[in-house]
Amino acid sequence: MIFAGIDAGSRSIKVVLYDAATRKVVGRGIAEQGVDQARLAEALFDQTLEASGLGRSQVARTVATGYGRGSVRFAQSTVTEITCHARGVWQTSPNARTIIEIGGQDSKVIWIEPDGRVRDFAMNDRCAAGTGRFLEMVAARLGVDLCKLGEMSRASARPAVISSTCVVFAETEIIGLLASGAAVADIAAGVQKAIASRVSTMAMRAVVPPVYFTGGVALQAGMCRALQHALGAEVRVVPDPQFTGALGAALVAADQAD
Amino acid sequence: MESAVNNGCCPEHGAPGGSNCRAVGPHKVPGDSPLAWFAGMVGHCKAHALAARAAGRPIVGIMCEYAPRELIFAAGAVPVCLCGGDPDTIPSAEAHLPTNLCSLIKSTYGYLVEKANPFLEMADLVVAETTCDGKKKMFELMAEARATYVLALPHREDDPDGLRSWVEELRRFKVFLENRYGVAITPERLREAIELMNRERRLRRELAELMKMEDPPLTGRQLLDFKSIISGLPDDLDQYERALALWRPRERSGSATHDARGQSPECATARQQPVRVLLTGVPLVHGAERVIEIIEANGGLVVCQENCTGLKPILEDVRADAPDLIRALGEKYYHLSCSVRTPNRKRLALLAQLATEYRAECVIELIWHACLTYAIESFHVRRLVENELGLPYLKIETDYSPADSARIATRVAALVETVRARTAAQHKWLSGVG
């Protein structure tokens with residue numbers, strides 16, 4: 001029996017198709033988020049099904065998660081990304097006790113029980129400074145590709161200090177750093193350090209090891225190291241971090257059907 | 001059709017379901033329901049205030065539950081709560097006040113700048129108090145346009161000198177009112193006012209206690225409307241009685257027949273039993289009910305509010321038979337567990353008691369941005385809730401702007417999912433050992 005999870009995030013939509021009988025992911029798809037969120041999610045869902053040689057009638061249940069979960073009309077239920085990320089990480093890394101998730105426009109710390117249930121969570125409020133949006137802004141400002149930004153940070157010996165807690169003010173701060181001749185690598189590393197520091201504050205110095213890192217920003221080279229440094233704990237990146245939420249949603253769909 | 005802006009969530013309440021969200025507030029109730037009466041609260045108060053003023057009774061603005069309405073009534077005046085709940089008056093306030101100040105203070109002051117609060121426009125006097133530095137300094141600015149009288153509240157808890165000083169403060173306030181309005185506040189008049197306020201507190205308390213039921217007849221949002229910015233209005237008291245007669249469980253017929261919650265949009269769309277929430281922190285004044293609406297549109301039911309728009313100010317009455325009525329007033333008000341008190345152990349004890357009495361499954365704390373005392377005290381509240389009560393705790397720091405509604409909705413929904421998963425695991429464990 002096939003279960004589908006749709007993670008309608010702020011920057012991209014992810015679909016995971018999960019076969020409960022074989023306990024395997026049988027299909028995956030990702031697309032940019034846009035204006036017509038309902039249609040985009042549906043188109044991606046159909047594409048992913050087709051690429052996996054499946055039809056809608058074979059999907060027993062669909063759960064939507066993420067910021068735009070309410071717009072996924074073909075889903076039978078919606079579950080928050082907090083529950084879905086916890087479920088997704090627990091599936092691939094059952095020893096996880098703390099999860100750091102950094103997505104397009106928010107970041108979260110999730111503490112989980114040994115049985116995979118969410119014990120507690122913290123989430124950034126209104127500000128985007130601890131999120132992927134911050135990295136996007138910096139990449140655009142430095143004129144580099146988002147993927148290159150992480151690699152560039154490796155060359156830094158002295159990460160720049162970026163203290164603004166607001167993306168808009170941080171941009172001003174970065175313009176100032178560039179004007180004063182700071183190295184691009186130091187700025188890239190400084191931004192990662194600032195994001196890691198925001199997440200560490202949110203974790204209230206209470207991370208319980210093992211710590212796993214998920215969400216699209218986990219793909220950034222150097223981000224995991226910056227987090228380890230800020231948290232003072234070993235941090236592991238989960239496999240395919242950008243799909244964890246959708247995988248969790250598909251697993252929740254299977255759990256709900258039980 | 002959902003737009004990119006609301007992200008498929010109801011723009012007002014953040015509930016998933018987009019334009020299909022039927023969470024339209026608490027007012028869609030039959031016209032003769034006590035709820036419909038309180039939906040017209042501002043209109044009733046305005047009519048009452050205009051009539052009182054025409055009859056020569058002064059209007060006295062108050063901004064805090066420490067202000068003893070009894071003394072104002074006994075002076076022949078009408079106390080009116082002026083706390084602002086409208087985000088739209090904030091920009092005018094920011095011409096004089098810092099941006100980084102709590103919405104409640106800015107909204108209240110913005111009404112003054114815009115001359116938009118009819119009650120503040122009618123007010124002859126505003127009773128100010130020292131329950132937060134933001135308010136205290138705002139009152140200095142307000143004093144340029146209105147007569148204000150500052151009540152200085154000692155901040156140390158359980159301090160006999162503090163209580164003595166507070167009682168003396170109330171005696172001075174009594175003399176001030178007597179001189180200003182040319183009246184004598186006799187023990188008889190004061191006792192009458194105390195009895196009126198005690199009656200109102202008792203009725204509102206009994207209404208709040210209906211939420212102890214397994215299947216409460218109201219939503220927390222509906223209960224929140226059972227109050228008035230002018231206390232003691234006879235029609236309001238009648239409606240409190242009616243509501244109690246309607247919803248109090250009767251021995252034979254049960255309570256389901258006139259259930260108002262069943263008609264609420266939250267209940268109509270809910271697929272599962274709601275999670276019982278104890279809401280604490282700052283007050284949700286008239287117009288600033290967004291967060292409780294989000295909580296109840298996302299699977300929660302606020303069964304108890306430990307704040308100044310909930311149970312806190314109505315739990316204790318004033319001893320009407322006391323030989324020294326001013327002292328009796330002082331004692332009642334001195335016991336209020338505002339976060340300005342230090343240490344504020346009474347609030348923690350009250351939270352523990354209410355969580356048990358109302359069988360809360362989680363605690364949500366609401367803090368207006370820049371409310372330092374509640375923000376810092378949340379450290380103790382979280383520790384109490386998680387470690388001693390063993391319940392999940394969620395802190396929501398926000399202001400009057402709806403910009404973060406979708407995010408608050410996600411956090412509340414995740415809390416509700418956590419509570420349900422926890423309850424399911426407990427049941428599994430119990431059936432395992434049983």
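The structure presented is a predicted model; accordingly, all values stated were derived computationally and were not measured. Below, read A as the first sequence line, B as the second, and so on, with proteins coming before strands; counting in each chain starts at 1.
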In this structure, CZ of A/R117 is separated from CZ of B/R422 (nearest 0.5 Å) by 7.5 Å
Does the pair A/R119 and B/T418 meet the rule for a side chain to side chain contact (heavy atoms under 4.5 Å, CB included), with working shown? CA-CA 7 Å; A/R119 177 167 66 78; B/T418 305; over 6 Å; no
Is it the case that atom CG in B/N387 sees more than 12 heavy atoms from other parts of the structure closer than 6.0 Å? yes
Can you tell me if B/Q426 has over 12 outside heavy atoms packed within less than 6.0 Å of its CD? yes
Are side-chain heavy atoms of B/L394 and A/F121 found at a separation under 4.5 Å? yes
Under the criterion side chain to side chain contact (heavy atoms under 4.5 Å, CB included), I'd like the reasoning laid out for B/E417 against A/V118: C-alpha separation, chi angles, the key distance, then a yes or no. CA-CA 9 Å; B/E417 288 165 4; A/V118 174; over 6 Å; no
What residues form a salt bridge (Lys or Arg N to Asp or Glu O under 4.0 Å) with B/D133, not counting sequence neighbours? B/K136
Considering only heavy atoms from C-beta outward, does the side chain of A/R69 approach that of B/T410 to under 4.5 Å? yes
More than 12 heavy atoms of other residues, nucleotides or ligands under 6.0 Å from CE of A/M204: yes or no? yes
For the pair A/D120 and B/R382, find out whether any cationic side-chain nitrogen is under 4.0 Å from an anionic carboxylate oxygen. yes
Which residues in residues 250-258 of chain A have a heavy atom less than 4.5 Å from any heavy atom of chain B? none
Give, as side chain, backbone, both or neither, the part of A/V72 having an atom under 4.5 angstrom from any heavy atom of chain B. neither
Please round to the nearest 0.5 Å and tell me the distance separating atom CG of B/L415 and atom CD1 of A/I82. 9.5 Å
Are B/R407 and A/Q105 close enough that some pair of their side-chain heavy atoms sits under 4.5 Å apart? yes
